[in-house]
Amino acid sequence: QVQLVESGGGLVQAGGSLRLSCAASGRTFSNYAVGWFRQAPGKEREFVAGISRSGGSTGYADSVKGRFTISRDNAKNMVYIQMNSLKREDTAVYFCAARPWGVARTTAAEYAYWGQGTQVTVSS
């Protein structure tokens with residue numbers, strides 16, 4: 001299995017930027033597609049972005065398209081999400097998740113491994 005640890009969250013003003021990191025340990029990380037999800041208070045966990053095992057394919061939720069960029073460095077066992085032009089509605093706990101083989105999916109249930117999450121708060 002693989003262990004995931006997110007970092008990089010914090011408090012930022014609307015219009016600002018943050019970069020979240022997801023560090024993986026355990027099995028060969030390049031065997032796992034990765035997704036970023038977020039969960040705001042009182043809301044369901046939602047897909048934000050996903051990246052294929054090689055990093056050659058990415059996908060985004062419509063709400064973040066053009067503002068967020070997901071990337072990975074398999075040599076360092078890291079996945080990142082660069083978040084620009086942040087809005088108050090981006091406030092949530094952000095999680096990275098991994099699923100072995102296959103491709104990144106938009107449904108949380110399809111991911112076997114999860115990090116503990118990192119809080120992102122966007123103030124107006």
Side-chain angles (χ1 to χ4, degrees):
Q1 63 182 31
V2 63
Q3 293 79 41
L4 305 172
V5 178
E6 303 93 337
S7 62
L11 175 65
V12 63
Q13 287 191 330
S17 298
L18 279 176
R19 187 178 83 153
L20 306 183
S21 299
C22 175
S25 60
R27 297 289 181 90
T28 305
F29 188 52
S30 58
N31 290 340
Y32 293 81
V34 174
W36 280 97
F37 289 76
R38 66 187 181 187
Q39 188 165 19
K43 295 189 176 181
E44 293 188 355
R45 193 167 297 191
E46 64 173 359
F47 172 79
V48 175
I51 190 165
S52 63
R53 287 173 285 150
S54 68
S57 178
T58 59
Y60 299 90
D62 287 343
S63 60
V64 306
K65 203 171 291 183
R67 300 188 298 123
F68 290 12
T69 302
I70 189 172
S71 61
R72 69 189 295 164
D73 184 341
N74 285 338
K76 296 182 178 179
N77 287 356
M78 297 291 294
V79 174
Y80 308 97
I81 187 164
Q82 177 68 41
M83 307 187 296
N84 299 329
S85 302
L86 283 161
K87 305 175 181 180
R88 285 194 65 184
E89 50 264 43
D90 295 318
T91 295
V93 178
Y94 282 71
F95 301 87
C96 67
R99 60 189 305 268
W101 307 108
V103 297
R105 299 288 190 185
T106 61
T107 305
E110 300 204 56
Y111 289 80
Y113 306 103
W114 290 84
Q116 82 290 347
T118 185
Q119 176 71 47
V120 171
T121 303
V122 183
S123 64
S124 58

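Computed from heavy atoms alone, side chains included, the values below leave out hydrogens, waters and symmetry copies. What you see is a predicted model, and the numbers here were worked out from it, not measured in a lab.
- Within the structure, no pair that satisfies the salt bridge (Lys or Arg N to Asp or Glu O under 4.0 Å) test touches residues 112-124, not counting sequence neighbours.
- When the side chains of ILVMFWY residues are joined at heavy-atom separations under 4.5 Å, either directly or via intervening members, Phe95 and Val120 end up in two distinct hydrophobic clusters.
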Given the rule in the side-chain contact (heavy atoms from CB on, under 4.5 Å) test, do Gln119 and Thr91 qualify, once you have shown the distances and angles that lead to the verdict?
CA-CA 8 Å; Gln119 176 71 47; Thr91 295; 4.1 Å; yes

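- Under a hydrophobic clustering in which Ile, Leu, Val, Met, Phe, Trp and Tyr are joined whenever their side-chain heavy atoms come within less than 4.5 Å, directly or via other members, Val12 and Leu20 fall into the same cluster.
- Annotation: Gln116, atom CD; neighbour count of heavy atoms from other residues, nucleotides and ligands within 6.0 Å is above 12.
- Taking the salt bridge (charged side-chain N to carboxylate O under 4.0 Å, His left out) definition, one finds that Arg99 meets it with Glu110, sequence neighbours left out.
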What pairs of donor and acceptor atoms, side-chain ones from residues 101-109 against any protein atom, are under 3.5 angstrom apart with sequence neighbours left out?
none

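- Residue Arg88 comes nearest to Ser124 through the heavy atom pair CD-CB, 3.5 Å, listed as atom of the first residue, atom of the second, then distance.
- Proximity of Val79 to Phe29: side-chain heavy atoms (C-beta onward) are separated by under 4.5 Å at one or more points.
- Judged by distance alone, with hydrogens and angles left aside, the side-chain atoms of Arg72 form no donor-acceptor pair with the main-chain N or O of Ala33 at under 3.5 Å.
- Side chains of Ser71 and Gln82 form no contact here, defined as non-hydrogen atoms less than 4.5 Å apart.
- Listed by first and then second residue, the disulfide bond (SG atoms under 2.5 Å apart) pairs involving residues 40-123 are Cys22-Cys96 (not counting sequence neighbours).
- Applying the side-chain contact (heavy atoms from CB on, under 4.5 Å) test to Ala14 and every residue at least two apart in sequence or in another chain returns Val122.
- In summary, of the residues considered (Val34, Thr69, Val48), a side-chain contact (heavy atoms from CB on, under 4.5 Å) with Ile81 occurs for Val48 alone.
- Residues passing the side-chain contact (heavy atoms from CB on, under 4.5 Å) test with Ser85 are Arg67, sequence neighbours excluded.
- For residues 37-84, the ring-ring contact (aromatic ring centres under 6.0 Å, His included) pairs, not counting sequence neighbours, are Phe37-Phe47, Phe37-Tyr111, Phe37-Trp114.
- Listed by first then second residue, pairs satisfying salt bridge (Lys or Arg N to Asp or Glu O under 4.0 Å) with a partner in residues 5-18 number zero, not counting sequence neighbours.
- In terms of the salt bridge (charged side-chain N to carboxylate O under 4.0 Å, His left out) criterion, Lys43 has no residue partners (sequence neighbours excluded).
- Minimum heavy-atom separation, Met78 to Ser21: CE-CB, 3.6 Å.
- Scanning both residues, Ala24 and Val2, for their nearest heavy atoms gives CB-CG2, 3.9 Å.
- Between Asn84 and Ser17, the closest heavy-atom pair is OD1-OG, 2.9 Å.
- Taking the salt bridge (charged side-chain N to carboxylate O under 4.0 Å, His left out) definition, one finds that Arg38 meets it with Glu46, Asp90, sequence neighbours left out.
- Judged purely by atom type and a 3.5 angstrom limit, Asn77 has no side-chain atom pairing as donor or acceptor with the backbone of Gly26.
- Counted within 6.0 Å of CD on Glu89, heavy atoms from surrounding residues, nucleotides or ligands total more than 12; the atom is thus considered enclosed.
- The CE atom of Met83 sits 11.5 Å away from the CZ atom of Arg19 when rounded to the nearest 0.5 Å.
- A disulfide bond (SG atoms under 2.5 Å apart) check over residues 40-76, counting only residues at least two apart or in different chains, returns nothing.
- The salt bridge (Lys or Arg N to Asp or Glu O under 4.0 Å) pairs that include a residue from residues 115-124 number zero, where partners must be two or more places apart or lie in different chains.
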